[in-house]
Participant: 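First the structure, which I've put down as structure tokens, then a few questions once you've had a look.
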Amino acid sequence: MFLKALTLKGFKSFAESTVLEMQPGVTVVVGPNGSGKSNVVDAIGWVLGAQAPSAVRSQKMDDVIFAGTASRPALGRAEVSLTIDNSAGLLGIELTEVTVRRTLFRTGDSEYAINNVPCRLLDVQELL
């Protein structure tokens, strides 16, 4: 089992849809200060259910939604999808690939999904 892909849309500094594809083994994120390296780590914890804003280095949870810049407006939601290779069957589900998604809207509403099927945080926790 390994992390296969991470997709970020409107999460912190990732205004554009960004896909990070990973291979088995060690994956390293390298870049200059302020390029969003820590935001990648925050996104993984967040999509897996982090509930405290401090767990994703924020004051309040809606701080994870892209706040805008001088040339780009703020977005209305943050979405992170994490795709896990389950070809070894360690997740106890008969699928070789599982995608967990979390979406947070500026209204405060939040949604979770497993393979595009809406679910609860508890369902994500039980799967993992």
Side-chain angles (χ1 to χ4, degrees):
M1 179 170 63
F2 68 94
L3 303 183
K4 190 170 185 177
L6 181 68
T7 304
L8 306 106
K9 298 177 187 175
F11 184 83
K12 290 193 168 192
S13 59
F14 294 92
E16 295 285 326
S17 180
T18 303
V19 179
L20 303 172
E21 295 181 3
M22 295 162 257
Q23 299 297 319
V26 177
T27 299
V28 179
V29 179
V30 179
N33 290 343
S35 64
K37 300 179 301 290
S38 296
N39 294 344
V40 171
V41 175
D42 289 345
I44 293 170
W46 186 75
V47 71
L48 295 178
Q51 294 298 297
S54 60
V56 289
R57 300 176 307 119
S58 298
Q59 296 296 315
K60 52 191 188 314
M61 196 51 82
D62 70 350
D63 287 346
V64 302
I65 302 172
F66 179 75
T69 65
S71 61
R72 182 175 205 119
L75 298 178
R77 70 178 185 174
E79 183 176 292
V80 175
S81 298
L82 180 66
T83 302
I84 301 167
D85 181 288
N86 186 43
S87 53
L90 297 175
L91 290 179
I93 190 170
E94 293 187 21
L95 298 170
T96 58
E97 194 172 277
V98 177
T99 300
V100 175
R101 185 182 71 233
R102 182 177 182 181
T103 307
L104 176 68
F105 299 92
R106 282 223 184 265
T107 60
D109 293 335
S110 185
E111 298 174 354
Y112 289 90
I114 298 173
N115 288 347
N116 291 321
V117 176
C119 67
R120 306 166 298 164
L121 171 57
L122 181 61
D123 298 320
V124 173
Q125 291 170 334
E126 287 177 352
L127 173 68
L128 300 172

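Note: hydrogens, waters and symmetry copies are ignored here, and every other heavy atom, side chains too, is used.
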Participant: Partners of Arg106 by side chain to side chain contact (heavy atoms under 4.5 Å, CB included), sequence neighbours excluded?
Facilitator: Ile65, Ala74

Participant: Please report the closest heavy-atom contact between Asp85 and Ser87, naming both atoms and the distance.
Facilitator: OD1-OG, 2.7 Å

Participant: Taking C-beta and beyond as the side chain, do Leu3 and Thr27 meet within less than 4.5 Å on heavy atoms?
Facilitator: no

Participant: Can you check side chain to side chain contact (heavy atoms under 4.5 Å, CB included) on Phe11 and Asp42, steps first, answer last?
Facilitator: CA-CA 9 Å; Phe11 184 83; Asp42 289 345; 4.1 Å; yes

Participant: Would you call Arg102 and Val124 a side-chain contact if the rule is heavy atoms closer than 4.5 Å?
Facilitator: no

Participant: With side chain to side chain contact (heavy atoms under 4.5 Å, CB included) as the test, would you mind laying out the steps for Arg77 and Asp109 before giving the verdict?
Facilitator: CA-CA 10 Å; Arg77 70 178 185 174; Asp109 293 335; over 6 Å; no

Participant: What is the minimum heavy-atom distance between Val40 and Phe14, and which atoms define it?
Facilitator: CG2-CZ, 3.9 Å

Participant: Going hydrophobic residue to hydrophobic residue with side-chain gaps under 4.5 angstrom, can you get from Val80 over to Val41?
Facilitator: no

Participant: Would you indicate whether Gln23, at its atom CD, is surrounded by more than 12 heavy atoms from other residues, nucleotides or ligands within a distance under 6.0 Å?
Facilitator: no

Participant: Verify the cluster assignment for Leu121 and Ile44: are they in a single hydrophobic cluster under the rule of side-chain heavy atoms below 4.5 Å apart?
Facilitator: yes

Participant: Could you tell me the separation between the CD atom of Glu111 and the CG atom of Leu104, rounded to the nearest 0.5 Å?
Facilitator: 10.0 Å

Participant: Hey, could you give me the CG/CG distance between Leu128 and Leu90, rounded to the nearest 0.5 Å?
Facilitator: 12.0 Å

Participant: For Leu75 versus Gly10, what's the shortest heavy-atom pair and its separation?
Facilitator: CD1-CA, 3.5 Å

Participant: Strictly distance-based, threshold 3.5 Å: is any side-chain N or O of Ser58 a donor or acceptor partner for the main-chain N or O of Val56?
Facilitator: yes

Participant: Given side chain to side chain contact (heavy atoms under 4.5 Å, CB included), test Trp46 with Val64 step by step and report yes or no.
Facilitator: CA-CA 9 Å; Trp46 186 75; Val64 302; 4.1 Å; yes

Participant: So how far is it from Leu8 CG to Ser13 OG, rounded to the nearest 0.5 Å?
Facilitator: 8.5 Å

Participant: Sub-3.5 Å donor-acceptor pair from the side chain of Lys37 to the main-chain atoms of Gly31, do we have one?
Facilitator: yes

Participant: State which residue, out of Asn86, Val98, Ile84, Leu122, fulfils the side chain to side chain contact (heavy atoms under 4.5 Å, CB included) condition with Leu127.
Facilitator: Val98

Participant: Closest heavy-atom contact between Glu97 and Asn115?
Facilitator: O-ND2, 3.8 Å

Participant: Is there a path of hydrophobic side-chain contacts, each under 4.5 Å between heavy atoms, that joins Leu91 and Leu95?
Facilitator: yes

Participant: Out of Thr7, Asn116, Thr83, which residue meets the side-chain hydrogen bond (donor to acceptor under 3.5 Å, both in side chains) rule with Thr99?
Facilitator: Thr83

Participant: Closest heavy-atom contact between Arg101 and Ser81?
Facilitator: CG-OG, 3.3 Å

Participant: Indicate the atoms forming the closest heavy-atom contact of Met61 with Pro53, along with that distance.
Facilitator: N-CG, 3.7 Å

Participant: Do Lys12 and Ser38 make a side-chain contact, defined as non-hydrogen atoms from C-beta onward lying under 4.5 Å apart?
Facilitator: no

Participant: Does atom CD of Gln125 have more than 12 heavy-atom neighbours from other groups under 6.0 Å away?
Facilitator: yes

Participant: Does any part of the side chain of Leu82, heavy atoms only, come nearer than 4.5 Å to the side chain of Leu48, both counted from C-beta?
Facilitator: yes

